[in-house]
Amino acid sequence: MNDAAVAALHKWTDDRLDDVKGEKALKPKVYTTYKLQDEVRELLTEHCEVTEWRGEGRTPREVLLKEIGDVEGLLTGGPSMVGRIDEELLSHAPRLKVVSNVSVGYNNFDLEALEKRDVIGTNTPYVLDETVADLAFGLILSTARRIVELGRFMQEGNWKLSSKYHDVYGQDVYGSTLGIIGMGRIGEAIAQRAKFGFGMDIVYHNRNRKPQAEQKYGAAYRDLDTLLAESDFVVLMTPLTPETLHLIGEAEFKKMKDSAIFINVSRGQTVDEEAMIRALQNGELYGAGLDVFEQEPIDPENPLLRMPNVVVTPHIGSATAKTEYEMARRAVKNLVAVLKGDAPLDPVGK
Ligand code: DGY
């Protein structure tokens, strides 16, 4: 046996002994609450010992609490599939170092509980901005031009040349005024489409003014009430925080034009849904395009599902194959960075 072979044999033996003694850093244990894409699983298993939920949707809470006793990393994800990360959950995972959300929103994190237990939370910004902006625009167009409703009308054997022809008129998107509440990166991606694709006038409301966006998109800053009164389309893009909970309610719907269209691709709880339903039923709002709901999955009895002037999608803002993959990769990088003792790309905090 030559020296190299002897050294290799010693190393192999030492490794096994270390493993047995538990002194060697084994791959850290990670739990993922949803079924990963194959490439993402490969990336993660290079660095971690992975237990993956292979059932429908995400791991049920009661199962999750039993599975995380010795994990150091938790990957939680899929749009609309992130569960609450709170004190109860953290108390079941004493070794946990990082919770990596496969989503830009992290309203499922109890930030105080994470901080108290020195657990880092991360999200996946940037990679989904354009995809979510596409969906917001899809909802604007389909609600204004009544695409879903009229498609159904035609599938039922109708055609526009009837005595009620004018009843199927929609509204112009081109040249109208768009109000964006929450001018973050996604808000700006929507503004870009509005300005350069549809010649819209843009007004916006945000915690801080955005001089660059004002210059680039000709966006004019407004207080919330003025924005609501001026806009033909109101797009809500704020994250869900204690300050934005039910940001739009009865009073705000009353301030909008009766001809206004309301779009929500942020979080359902930013809107008082009952007030929105009343505004739609009373003709105080022309229509709504909604990707998010106060309760998800939505109650099949929710009247929003039966209103012809409402276009709904099941929380799919970022859900294209490419973007979901990019988000999962980013979430894995965040998770692995923390487990290796490095700084994650996207830590979130208070
Ligand atoms: C997110 O990532 O938070 C979005 O809700 C995706 O649609």
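We count ligands from 1, going down the list as the structure has it; atoms in each ligand are counted the same way. Computed from heavy atoms alone, side chains included, the values below leave out hydrogens, waters and symmetry copies. In this chain, residues are counted from 1 in sequence order. On a predicted model such as this, the values are computed, not experimentally measured, just so you know.
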- request: Evaluate the criterion salt bridge (charged side-chain N to carboxylate O under 4.0 Å, His left out) for residue pair Glu67 and Lys29; output intermediate values, then yes/no.
  value: CA-CA 11 Å; Glu67 292 279 356; Lys29 289 190 177 166; over 6 Å; no

query: Does any N or O atom in Val102 lie less than 3.5 angstrom from one in ligand 1, N or O only?
result: no

statement: Honestly, for Leu128 the part within reach of ligand 1 (heavy atoms, under 4.0 Å) is side chain

- prompt: Can the ring centroids of Phe137 and Phe198 be said to lie less than 6.0 angstrom from one another?
  reply: yes

task: Under 4.0 Å from a heavy atom of Gly317: give me the atoms of ligand 1 that qualify, with their elements.
output: 7 (O)

message: Using every non-hydrogen atom in the two residues, find where Gly83 and Asn108 come nearest and quote the distance to one decimal.
response: O-ND2, 3.0 Å

- line: Under 4.0 Å from one or more heavy atoms of Arg267, ligand 1 contributes atoms 1 (C), 3 (O), 4 (C), 5 (O)

statement: Correct closest heavy-atom pair for Arg267 and Val292 would be C-CG2, 3.6 Å

- request: Decide whether an N or O pair under 3.5 Å exists between Val104 and ligand 1.
  value: yes

- prompt: Does the pair Lys116/Glu87 count as a salt bridge with the N-to-O cut at 4.0 Å?
  reply: yes

query: Do any N/O atoms on Ser318 end up under 3.5 angstrom from N/O atoms on ligand 1?
result: yes

